[in-house]
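This structure is a prediction, so every number in the text was calculated from the model and none was measured.
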Amino acid sequence: MTDRPPDHVLESPWPPFLDWLDSDPRRAQAAFADFGYRLLRVFPPRVFARLTPEQREEAVQEVLVHCIANDCRVLRLYKPSGKPFAAWLLFVT
């Protein structure tokens with residue numbers, strides 16, 4: 001993840017969709033789902049290796065829904081720590 005420009009969304013500790021959680025929740029959810037889906041497909045967690053392709057797809061969907069359920073409760077728990085948001089999402093997954 002280090003050969004990208006510093007402002008690349010994968011390197012960002014605060015992706016733009018986090019700013020939209022209160023002002024435009026549907027936009028935030030859609031942008032997060034797009035980001036999360038792409039991230040988990042390209043950089044799947046190691047535990048996904050034990051799953052069939054169908055199970056992997058279902059697991060990705062479950063993670064995304066979990067993060068945006070109840071007014072994005074899980075996303076709202078995120079606190080920047082100087083590391084990319086993507087690292088946090090992979091940990092949550």
Sorted by first residue and then second, give each salt bridge (charged side-chain N to carboxylate O under 4.0 Å, His left out) pair with at least one member in residues 26-40; sequence neighbours left out.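 Pairs touching residues 26-40 that pass the test: Asp34-Arg38.
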
Residue pairs, two or more places apart or on separate chains, that pass salt bridge (charged side-chain N to carboxylate O under 4.0 Å, His left out) and touch residues 51-65: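 Residue pairs passing salt bridge (charged side-chain N to carboxylate O under 4.0 Å, His left out), neighbours aside: Arg41-Glu57.
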
Partners of Asp19 by side chain to side chain donor-acceptor pair (under 3.5 Å), sequence neighbours excluded?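 Only Trp14 meet the side chain to side chain donor-acceptor pair (under 3.5 Å) criterion with Asp19.
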
Enter the distance from Leu90:CG to Phe43:CZ here, rounded to the nearest 0.5 Å.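 Rounded to the nearest 0.5 Å, the CG-CZ separation comes to 8.5 Å.
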
To the nearest 0.5 Å, tell me how far Asn70 CG sits from Leu75 CG.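 One gets 12.0 Å once the value is rounded to the nearest 0.5 Å.
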
Please give me the minimum heavy-atom distance between Ser23 and Pro25, naming the atom from each residue.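 Here Ser23 and Pro25 meet closest at C-CD, 3.8 Å.
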
Compare every heavy atom of Pro13 with every heavy atom of Pro80, then report the nearest pair and how far apart it is.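 Taking every non-hydrogen atom into account, CB-O, 4.1 Å.
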
Could you pull out all residues at least two apart from [X] that satisfy side chain to side chain contact (heavy atoms under 4.5 Å, CB included)?
X	value
Val47	Pro45, Arg50
Gln55	Leu51, Thr52
Arg76	Leu21, Asp22, Asp71, Cys72
Ala33	none

Which pairs, with at least one residue in residues 79-93 and sequence neighbours excluded, count as a side chain to side chain donor-acceptor pair (under 3.5 Å)?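 Of all non-adjacent pairs touching residues 79-93, none passes side chain to side chain donor-acceptor pair (under 3.5 Å).
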
Say whether [X] and [Y] are linked into one hydrophobic cluster, either directly or through other cluster members, by side-chain heavy-atom distances under 4.5 angstrom.
X	Y	value
Val92	Leu77	no
Val65	Leu89	no
Phe91	Tyr78	no

Restricting to ring-ring contact (aromatic ring centres under 6.0 Å, His included), what partner residues turn up for Phe35, sequence neighbours left out?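 Phe17, Phe85.
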
Side chain proximity check, [X] to [Y], heavy atoms < 4.5 angstrom:
X	Y	result
Leu64	Ile68	no
Gln61	His66	no
Cys67	Phe32	yes

